[in-house]
Amino acid sequence: MDTRQVEYAIAVADELSFTRAAQRVFAVQSTVSAGIRALEGDLGVTLFERDQRGVRITAAGEAVLPALRALAEAEARVRTVADPRGELRGELRVGVFSSVSYLAIPGVIGAFHRAHPLVDIRLSPSPAGSLDLAEAVRRGRLDLSLFGLPATAAPGLAVHRLTTTPFVAVLPAGHRLAAHRRVRLADLAAERFVDAPMGFGNRDVLDAALGTHGIVRDVTAAVTETAAIPALVAAGLGVALLPELLVPPAAEGVAVVPLAERIEWEFSAITRNAPGDAALALLEMLRAAY
C-alpha cells in the first residue's frame, strides 16, 4: 500500500475537504483525489462521499481509518528507528482549549518543536469543550488533548492528570465581597454569573459541585474563551467561579478571592490507550511543566 495515499486519506478525513487536505500534504488537489481513488480501488471500498454539500466519511471509511492511522504511525516509527540519531518523526495532532495563552501550553509546544523538529505538530481548538475533544481522540482525529473533566468522563481513553487546582471567586474590583479573605458559595448564590458554556470541563465540574450545595446559578453570559471571563466580570456583567489555574495572572479590574468551600478542578491530558511515540514525548513535557 502506498503510504502517500494513506497520508492523503488521513488528511481528507481530518479536514473533510480535498482542498484543505491538499494544502496540508503539499500536493495539488488532483493528485490527492487520484490517490484517494487509487486507495479506494485497492481496498475495494468507498472511503469518502463527495457532493455539493461537501465531503463525508462513509461507514467503511470510519472502519478503515484507525488502521490507516496505525499504518502512518508505524511508518513514522520505522523512520525513527532507521535514523542514526533516532529523531522522532510523523504527525502529532493536539486538541487544546480555546484559551491557552496564559497556561504553560505555548511554552511546552515550543520546546517540543525545538526538541523534535521532524514531527509535524498540529493544534486544534474545540469550540465545544472537553467532551468534544475526548470524542475526537476516541475517533482517532486527535492523538492527545487537554481535558478538563474527571477521568470517568473519558471512558475507553487514558487520562493523564497534570495538576489539580481549586476554584476561586472572580469579582468586580468594587464588589461588596472583594476585600474578604474568603467567600462562601451561599454569599454568591443570588449573583449573576459569567461562565463557559455547558460541555466545557470547568463549567460542568462546577455545576455538579454547586448542585451538591443546592445552588442553581443564573448564568447570564457564557463565552468559549475563558480568558474573556474576567474581562466581562470587570465590565460588570456578573461574577465568576473559575479554577485558579485558568485565571489570567494579569487580569485587571477584578478581585480574585478564595472560596470557603473546596471545589477542585482536574487538569489532564488524554490519549488513546496505546499512544504513539510523539504523543508520549509531549505528554512527558506536559507532566514536567505541571
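Between the CD atom in Glu225 and the CG atom in Leu232 there is a gap of 9.5 Å [rounded to 0.5 Å].
Proximity of a side-chain donor or acceptor of Arg56 to a complementary backbone N or O of Glu49 within less than 3.5 Å is not detected. A donor-acceptor pair is defined here as one N or O able to donate and one able to accept, closer than 3.5 Å; no such pair exists between the side chain of Asp132 and the backbone of Ser126. Judged by distance alone, the side chain of Ser130 and the main-chain N or O of Gly148 form a donor-acceptor pair under 3.5 Å. Without hydrogens or angle criteria, Arg93 side chain to Ser145 main chain gives no donor-acceptor distance under 3.5 Å.
Using a 4.5 Å cut-off on side-chain heavy atoms (C-beta onward), Thr165 and Phe267 make no contact. At a threshold of 4.5 Å between non-hydrogen side-chain atoms, the residues Leu206 and Asp195 count as touching. Two residues are said to be in side-chain contact when any heavy atoms from C-beta on lie closer than 4.5 Å; Ile270 and Leu142 fail this criterion. In this structure, Val194 and Val219 have side chains that are not in contact, with every pair of non-hydrogen atoms separated by 4.5 Å or more. Contact of the Thr224 side chain with the Phe200 side chain is registered, since non-hydrogen atoms from C-beta on lie closer than 4.5 Å. Considering only heavy atoms from C-beta on, Ile263 comes within 4.5 Å of Leu185 through its side chain. With contacts defined as side-chain heavy-atom distances shorter than 4.5 Å, the pair Leu280/Leu144 does not qualify. With a 4.5 Å cut-off on side-chain heavy atoms, Glu191 and His175 count as touching.
The aromatic rings of Phe18 and Phe48 lie perpendicular to each other, with more than 60° between the two planes, well past the 30° mark.
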*Tell me, with the steps shown, if Arg69 and Asp143 meet salt bridge (Lys or Arg N to Asp or Glu O under 4.0 Å).*
CA-CA 10 Å; Arg69 294 192 192 279; Asp143 302 301; over 6 Å; no

_Full working for side chain to side chain donor-acceptor pair (under 3.5 Å) between Thr19 and Gln29_ = CA-CA 6 Å; Thr19 301; Gln29 185 173 332; 2.9 Å; yes

*asked:* If you apply the rule side-chain contact (heavy atoms from CB on, under 4.5 Å), what do you find for Phe112 with Val119, and how did you get there?
replied: CA-CA 9 Å; Phe112 180 90; Val119 175; 3.9 Å; yes

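Leu16 and Tyr8 fall within a single hydrophobic cluster, where Ile, Leu, Val, Met, Phe, Trp and Tyr side chains are chained together by heavy-atom contacts under 4.5 Å.
Note on Arg89 versus Asp277: no salt bridge recorded, every NZ/NE/NH1/NH2 to OD/OE distance being 4.0 Å or above. A salt bridge links Arg141 with Glu62: the closest approach of a Lys/Arg side-chain nitrogen to an acidic carboxylate oxygen falls below 4.0 angstrom. A salt bridge is defined here as a Lys NZ or Arg NE, NH1 or NH2 lying under 4.0 Å from an Asp or Glu carboxylate O, and Glu40 with Arg50 meets this definition. With salt bridges taken as basic N to acidic carboxylate O contacts below 4.0 Å, one links Arg272 and Glu73. In summary, Arg184 and Glu261 do not engage in a salt bridge, as defined by a charged side-chain N under 4.0 Å from a carboxylate O. Looking at Glu135 and Arg139, a side-chain N of the basic residue comes within less than 4.0 Å of a carboxylate O on the acidic one, giving a salt bridge. Ion pairing of Arg24 with Asp14 is present here, as a side-chain N (NZ or NE/NH1/NH2) and a carboxylate O approach within less than 4.0 Å. Residues Asp2 and Arg4 are not paired through a salt bridge, judged by the lack of any N-O separation under 4.0 Å between the basic side chain and the carboxylate.
In terms of heavy atoms, Pro197 sits closest to Val223 at CD-O, 3.3 Å. Nearest approach of Ala240 to Phe193, heavy atoms of both residues: CA-CD2, 4.2 Å. The heavy-atom pair separating Phe147 from Ala134 by the smallest distance is CE1-CB, 3.8 Å. Residue Leu123 comes nearest to Pro125 through the heavy atom pair O-CD, 3.9 Å, listed as atom of the first residue, atom of the second, then distance.
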